[in-house]
There are 2 protein chains.
Amino acid sequence: MARSATTTDAFAAIAEPRRREILGVLAKAQADGHRGVAAAPEHDVTWLVEELGWPQPQVSKHLSVLLQVGLVSVVRKGRRRMYSLNADELRPVFDWVKQYEKFWEHQLERIKARAERMHRERTSNQTHRGPVPPSQAPSD
Amino acid sequence: MARSATTTDAFAAIAEPRRREILGVLAKAQADGHRGVAAAPEHDVTWLVEELGWPQPQVSKHLSVLLQVGLVSVVRKGRRRMYSLNADELRPVFDWVKQYEKFWEHQLERIKARAERMHRERTSNQTHRGPVPPSQAPSD
DNA sequence: TTAATATATTCTGATATAGGAATATATCAA
DNA sequence: TTGATATATTCCTATATCAGAATATATTAA
């Protein structure tokens with residue numbers, strides 16, 4: 001078997017930085033309101049191409065993935081297609097990652113507690129690996 | 001070019017469901033404390049293999065990816081390697097997706113407002129696509 | 001030393017990208 | 001009808017997976 005398809009779910013779709021960028025541009029466009037005037041929620045592919053500076057086919061292909069996953073919606077308007085953000089589909093990602101919030105929320109307390117512990121204790125005999133642990137392992 | 005490497009960042013790493021599962025198991029193990037006794041933050045590969053029910057090489061390989069991205073840490077202990085969750089590296093994902101929270105936070109209000117609008121208005125002439133748009137595009 | 005245990009690594013094959021280039025399709029304009 | 005514009009799709013290639021099987025490596029036990 002190979003890697004799971006990018007169109008499997010939001011997790012797979014947003015793994016690609018460029019797709020996150022597209023969502024970001026659409027979000028910005030939707031959020032930015034000028035002087036109380038609501039921002040445009042929909043946008044042209046041409047507009048996106050200009051905004052992103054990528055080749056049009058590339059933009060279209062990424063939009064296709066986002067569409068299949070439901071992260072964007074389309075409305076045909078003449079020969080144009082108006083895309084808009086569908087942030088709803090990001091909720092599963094949010095909910096999943098939110099579960100882990102507690103692990104860094106209390107980190108400060110834990111670090112403090114460990115510091116005190118290490119004042120008395122003196123364990124060793126352990127090798128360390130892994131990218132820069134937030135706190136030094138007591139490897140003395 | 002091909003797809004970006006799974007070891008590029010947390011986004012790429014957690015695109016794989018099995019890797020999310022591993023993180024989930026490590027999180028559960030770390031969170032579950034029994035009768036005020038702190039849960040074990042570190043775990044054997046063997047323990048993970050039993051917990052997950054996958055072939056050992058598969059577990060090791062996924063752990064390798066998670067390690068490279070920094071989502072887990074390792075401590076060697078005899079012939080065993082104790083892995084532990086490093087949720088810190090999930091923060092970028094959390095921060096990114098949190099930006100989009102506002103788009104579904106106010107959704108109820110928007111839906112209500114739109115419902116009222118549609119009571120009077122009656123536009124149509126637009127083709128729809130995309131997975132169940134939560135809201136009709138107000139094309140006025 | 002030899003065996004057993006714990007874990008990582010290598011090799012293989014099927015597959016799905018992502019980007020680039022070219023092209024097809026649909027719609028509007030003249 | 002012919003041309004122009006907007007967008008999608010197809011073909012190509014290089015690459016990186018993921019699972020499975022087999023094997024290598026390191027450590028402890030006998």
Side-chain angles (χ1 to χ4, degrees), chain A residues 1-22 26 42-69 72-84 125-130, chain B residues 1-22 26 42-69 72-84 125-130:
Chain A
M1 242 185 238
R3 225 199 281 214
S4 55
T6 50
T7 53
T8 301
D9 46 37
F11 286 96
I14 66 167
E16 168 65 37
R18 276 153 241 265
R19 270 183 306 257
R20 292 200 299 273
E21 208 171 336
I22 290 184
L26 285 176
E42 316 180 315
H43 283 286
D44 231 321
V45 173
T46 299
W47 182 85
L48 284 166
V49 166
E50 286 170 359
E51 197 77 5
L52 296 162
W54 310 338
Q56 174 266 315
Q58 194 175 337
V59 174
S60 278
K61 277 186 275 188
H62 281 307
L63 282 172
S64 167
V65 173
L66 293 173
L67 183 62
Q68 287 178 68
V69 176
V72 299
S73 308
V74 196
V75 174
R76 302 185 64 149
K77 218 158 199 172
R79 58 184 152 183
R80 293 182 301 160
R81 312 224 179 161
M82 312 305 289
Y83 283 89
S84 57
N125 197 18
Q126 291 190 349
T127 314
H128 244 305
R129 273 185 66 201
Chain B
M1 245 186 229
R3 223 198 285 211
S4 54
T6 50
T7 52
T8 301
D9 46 38
F11 286 96
I14 66 168
E16 168 65 36
R18 276 154 243 263
R19 267 177 315 249
R20 292 200 298 275
E21 208 172 336
I22 290 185
L26 286 175
E42 316 181 315
H43 282 286
D44 229 320
V45 173
T46 300
W47 184 84
L48 284 166
V49 166
E50 286 170 0
E51 197 78 4
L52 295 161
W54 309 338
Q56 174 265 315
Q58 194 176 337
V59 174
S60 278
K61 276 187 275 187
H62 282 306
L63 282 172
S64 167
V65 172
L66 293 173
L67 183 63
Q68 288 179 67
V69 176
V72 299
S73 308
V74 197
V75 174
R76 302 184 66 149
K77 215 158 202 172
R79 59 185 151 184
R80 293 182 301 160
R81 311 223 178 162
M82 313 305 288
Y83 283 88
S84 57
N125 197 20
Q126 291 192 347
T127 314
H128 248 305
R129 275 185 66 203

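Below, chains carry the letters A, B, ... as their sequence lines are ordered, and counting in each starts from 1.
Side-chain N/O atoms of A/Y83 include none lying less than 4.0 angstrom from OP1 or OP2 on D/dA6. Dashed line: the shortest gap from a side-chain N or O of B/Q56 to OP1 or OP2 of C/dT7 is not under 4.0 Å.
Taking the side chain as every heavy atom from C-beta outward, B/K77 and B/E42 approach each other to under 4.5 Å. Between A/R81 and A/V75, the closest side-chain pair of non-hydrogen atoms is not below 4.5 Å.
Taking all atoms of both residues into account, the shortest heavy-atom contact from B/A12 to A/A15 is CA-CB, 4.1 Å. Among all heavy-atom pairs drawn from B/V69 and B/A13, the shortest one is CG2-CB, 3.8 Å. Contact detail for B/L63 and B/V72: the closest heavy-atom pair is O-CG2, 4.0 Å. Taking both residues in full, the closest heavy atoms of A/L26 and A/Y83 are given as CD2-O, 3.9 Å, listed atom of the first, atom of the second, then distance.
Axis orientation changes by 0° from one end of the helix from C/dT1-D/dA30 to C/dA30-D/dT1 to the other, with each end axis drawn from 5 pairs and the value rounded to 10°.
As a whole-Å value, the separation of B/L52 CG from C/dT7 C1' is 15 Å. Atoms NE2 (B/H62) and P (C/dT7) sit 17 Å apart, rounded to a whole Å. We find that CD1 of A/I14 is positioned 14 Å from P of C/dA18, with the value rounded to whole Å. A/Q68 has its CD atom 13 Å from the C1' atom of D/dT9, to the nearest Å. In this structure, A/R20 atom CZ and C/dA18 atom P are separated by 12 Å, rounded to whole Å. Between the CD atom of B/Q58 and the P atom of D/dA22 there is a distance of 16 Å, rounded to whole Å.
Among residues two or more places apart in sequence or in another chain, the side chain to side chain donor-acceptor pair (under 3.5 Å) test is passed with A/R19 by A/H62. Qualifying side chain to side chain donor-acceptor pair (under 3.5 Å) partners for B/R18, counting only residues two or more places apart in sequence or in other chains: B/E16.
Between the side chain of A/R20 and the backbone N or O of A/I14, at least one donor-acceptor pair lies under 3.5 Å.
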I'd like to know whether B/H43 forms a side-chain contact (heavy atoms from CB on, under 4.5 Å) with B/M82, so could you lay out the CA-CA distance, the side-chain angles of the two residues, the decisive distance to 0.1 Å, and finally the verdict.
CA-CA 5 Å; B/H43 282 286; B/M82 313 305 288; 5.5 Å; no
Sub-3.5 Å pairs of nitrogen or oxygen atoms, protein against nucleotides 11-17 of chain C:
residue : atom : partner : partner atom : Å
C/dT17  : OP1  : A/T6    : N            : 2.7
C/dT17  : OP1  : A/T6    : OG1          : 2.7

Listing time: all N or O pairs from protein to nucleotides 24-28 of chain C that are below 3.5 Å?
residue : atom : partner : partner atom : Å
C/dT27  : O2   : A/R79   : NH1          : 3.4

Can you give me every donor-acceptor pair (side chain of residues 46-59 of chain B, partner residue at least two apart or in another chain, under 3.5 Å) with its distance?
residue : atom : partner : partner atom : Å
B/E51   : OE2  : B/K28   : NZ           : 3.0
B/W54   : NE1  : B/L52   : O            : 3.3
B/Q56   : NE2  : B/S60   : OG           : 3.0

